[in-house]
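Here is the structure we will look at, set down as structure tokens.
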Amino acid sequence: MNSNLHIYDTPQDTARAVAELIRVKAKEKNKQSLPLNMALSGGNTPKLLFNLLANEYVDTIPWHFVRLFWVDERCVPPTHVQSNYGMTYENLLKSVPIHDSNVFPIQGEIDPNKEAKRYQNTLETQLPLYDGFPKFDLILLGMGDDGHTASIFPTDLSLLYSDQFVAVSSHPVSDQKRITLTGQVINRADEVVFLVTGGSKANVLKQIIRKEEDFASYPATYIHALSGPAHFYLDQEAAGKL
Ligand code: 6PG
């Protein structure tokens with residue numbers, strides 16, 4: 001089995017494995033007196049991880065060394081039920097001692113084009129640049145059952161190659177406007193981790209991992225880290241067809 005596949009029995013075990021990865025990476029950076037610059041995704045899957053971090057990792061992760069960014073955001077206010085920031089605050093941020101000055105939300109309530117420009121500027125000024133692009137230490141991604149990741153959908157693969165760091169996209173079904181990191185930023189991260197659970201993603205995941213059938217049409221196919229493949233943290237259901 002590929003060394004970048006990490007498969008666990010349950011979603012809870014999978015979330016714990018990712019929590020441990022975050023803890024180890026934060027400790028490594030802490031030892032070098034450096035921050036951990038991390039970007040989080042939204043949706044439902046990360047809730048298990050965020051709750052685990054909030055309940056069991058308050059004292060074992062040096063949160064004062066963590067600087068938190070978002071991979072994407074829905075263009076809704078932070079109080080909206082679909083807000084990724086709102087979900088992250090409720091499940092994680094309100095429970096851990098991370099400094100407000102180290103939390104960089106995408107502002108979903110702002111005009112999308114203006115916010116994309118503002119967040120681009122935030123990344124330019126708050127992160128080290130590599131090859132002209134902002135460089136994260138760790139990016140946590142999910143994957144939709146259509147193979148999208150971040151808010152890069154199969155309907156707009158050009159966002160994988162855009163020279164912009166941050167772009168406006170639209171959900172192909174709801175047409176909801178999104179703000180998203182682009183592929184060139186994601187692919188320059190030191191480490192990229194997919195957290196994917198549930199049987200609904202098993203078929204697309206198989207195609208992506210094995211590069212079979214329609215894999216070329218899925219944005220997640222094109223995602224990797226700066227110096228190697230992305231790591232997939234999967235439960236048995238998501239990995240069921242590998
Ligand atoms: C978002 C996410 C998105 C998510 C996938 C999977 O804003 O929705 O960033 O990329 O990771 O859609 O979502 P689920 O975890 O809800 O299946």
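Both backbone and side-chain heavy atoms feed into the values below; hydrogens, waters and symmetry mates do not. As the structure lists them, so they are numbered: ligands from 1, and atoms in each ligand from 1.
Using modelled atom types, one finds a donor on one side chain and an acceptor on the other under 3.5 Å when comparing S151 with D72. Looking at H6 and H231, their side chains do bring a donor and an acceptor atom within 3.5 Å of each other. A side-chain donor-acceptor contact under 3.5 Å links E20 and Y57.
Taken from OG1 in T14 to CG in L52, the straight-line distance is 11.0 Å, to the nearest 0.5 Å. We find the CD-NZ distance between E115 and K117 to be 11.5 Å, quoted to the nearest 0.5 Å.
The nearest protein atom to atom 10 (O) of ligand 1, hydrogens excluded, is given as A150 O, 2.6 Å; this is a heavy-atom distance. Looking at atom 5 (C) of ligand 1, its nearest protein heavy atom turns out to be H148 NE2, 3.4 Å.
In the candidate list K47, H171, R74, R74 is nearest to atom 8 (O) of ligand 1, counting heavy atoms.
In this structure, Y119 and F69 have perpendicular ring planes: the angle between them is above 60°, well past the 30° mark.
Under 4.0 angstrom from ligand 1, the non-hydrogen atoms of K201 all belong to its side chain.
For ligand 1, none of its N or O atoms has an N or O atom of S151 under 3.5 Å away. Ligand 1 has a nitrogen or oxygen under 3.5 angstrom from a nitrogen or oxygen of D72. No N or O atom of P46 sits closer than 3.5 Å to an N or O atom of ligand 1.
Every atom of ligand 1 is numbered from 1 in the order shown, and the set under 4.0 Å from a heavy atom of N84 is 1 (C), 7 (O). Taking every heavy atom of R178 and a limit of under 4.0 angstrom, the matching atoms of ligand 1 come to 1 (C), 7 (O), 8 (O).
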